[in-house]
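Start at 1 and go down the list; that is how both ligands and their atoms are numbered.
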Amino acid sequence: MPNTTLKAAEFIKRGDLVIFPTETVYGIGADATNEAACQKIFAAKGRPSHNPLIVHVANIEQAKTIAVFNDNAEKLARLWPGPLTLVLPLQSNHNIAPCVTAGLSTIAIRIPAHEIALDLIKNAQVPIAAPSANLSGNLSATALKQVQEAFGKHKNIYILEHPTECIIGLESTIIDLSTPSPIILRQGYFTEEFLSDYLKIAIQIANENSEIKAPGMLLKHYAPKTPVKLNATFLSDNELGLNFANSQLNSKFSLNLSPKGDLTEAAANLYYYLYQLDEYAQKNNYNAIAVAHVPTDNIGAAINDRLKKASSGL
Ligand code: TXA
Ligand code: MG
């Protein structure tokens, strides 16, 4: 295993891209201080240049060379390594490449909780800018097969493999701490309820109409090719079922996010199950993926957020 991380670190150092698993989803990363290298991320994904990237660091000291920490940031950083991204003002003497922040005066930053991601950042000796490893507008990837299909043909992109893939399965919670009061820009494993309780303040969740939002919120997202129907209680002709707990949307090929009704397990399975159903639907001419009701408590809120985006194509 160390050999592969060292080889991957060489790719980063010479300005090429590496795909690596994190605890949330796979990332496609480059040296965050190298403009040409980071531009390759936008090109490989087909990502609009106005959508900034998350910078991944190995420790808080490294984070503080890039971002200005306030009290709330200090407190939330105690949850690192983990699926939480902080949006903070940029340090004045940072050396992050301009395209990473898309011209904003803030930066999104996190320490991932995956040993191979941390090894990679340490060996590369630079912060790594990495969005989710999917073509822009497609589902995020939580399985090797998905990243191989999307990027396997690129000779200059190194794919790091690890037996443990993406345990959480949904992208990190993003919280903007650069504004007078913190605002959640993207829901995830750390919920609004948990974070409000933890910081002992009320925290808003941004939506498309909020004044403050992540640039990525305005883009088409998370959409499989096959239309997705939510809160389904029955299957119509030519629909595939995605179940939760004891729901019975039974088609020739159907999947269950968590037969025992565990939301954490459902989150971990969500993207790969949607991917598999989409692939089957496309090959066999199904019209829709019908998804059973998933409760909205805990990480269920983030699951429903992603399902809503998958169904509306937003
Ligand atoms: O779990 C994750 O966060 C994964 C793994 C690889 O770490 N990464 C990820 O990156 O989901 P990406 O690019 O798919 O999503 C990053 C989001 C985008 O919506 C982007 O607009 C927003 O973060 N973002 C980045 N920098 C920002 C900033 N300075 N202010 C507000 N939003 C920002
Ligand atoms: Mg993404």
Checklist entry - Would you say S132 reaches the Mg ion (ligand 2) with an N/O/S atom under 2.8 Å? => result yes

Checklist outcome for this item: Of S178, A214, S132, the one whose closest heavy atom lies nearest atom 12 (P) of ligand 1 is S132

Item to check | Proximal ligand 1 atoms for N51, defined as those under 4.0 Å from one of its heavy atoms | outcome: 18 (C), 20 (C), 21 (O)

Item to check | Ring geometry between Y280 and Y286 (parallel below 30°, tilted from 30 to 60°, perpendicular above 60°) | outcome: tilted

Checklist entry - Side chain, backbone, both or neither: which part of D176 comes within less than 4.0 Å of ligand 1 when only heavy atoms are counted? => result neither

Checklist entry - What are the atoms of ligand 1, with element, lying closer than 4.0 Å to any heavy atom of L185? => result 31 (C), 32 (N)

Next on the checklist: Does only the side chain of L104 get under 4.0 Å from ligand 1, or the backbone, or both, or neither? Count heavy atoms.
Outcome noted: side chain

Next on the checklist: Once you measure the plane-to-plane angle for F190 and F194, does it fall in the parallel (<30°), tilted (30-60°) or perpendicular (>60°) bin?
Outcome noted: tilted

Checklist entry - Looking at CD1 of I128 and SG of C38, how far apart are the two atoms once the value is rounded to the nearest 0.5 Å? => result 10.0 Å

Checklist entry - Just checking, any donor-acceptor pair under 3.5 angstrom between side chains of E171 and S132? => result no

Item to check | Close-contact set for ligand 1 against V25 heavy atoms, below 4.0 Å | outcome: 4 (C)

Checklist entry - Where on E23 is there a heavy atom closer than 4.0 Å to ligand 1, on the side chain, on the backbone, on both, or on neither? => result neither

Next on the checklist: Between E74 and K64 (salt bridge meaning N to carboxylate O under 4.0 Å), is one present in this structure?
Outcome noted: yes

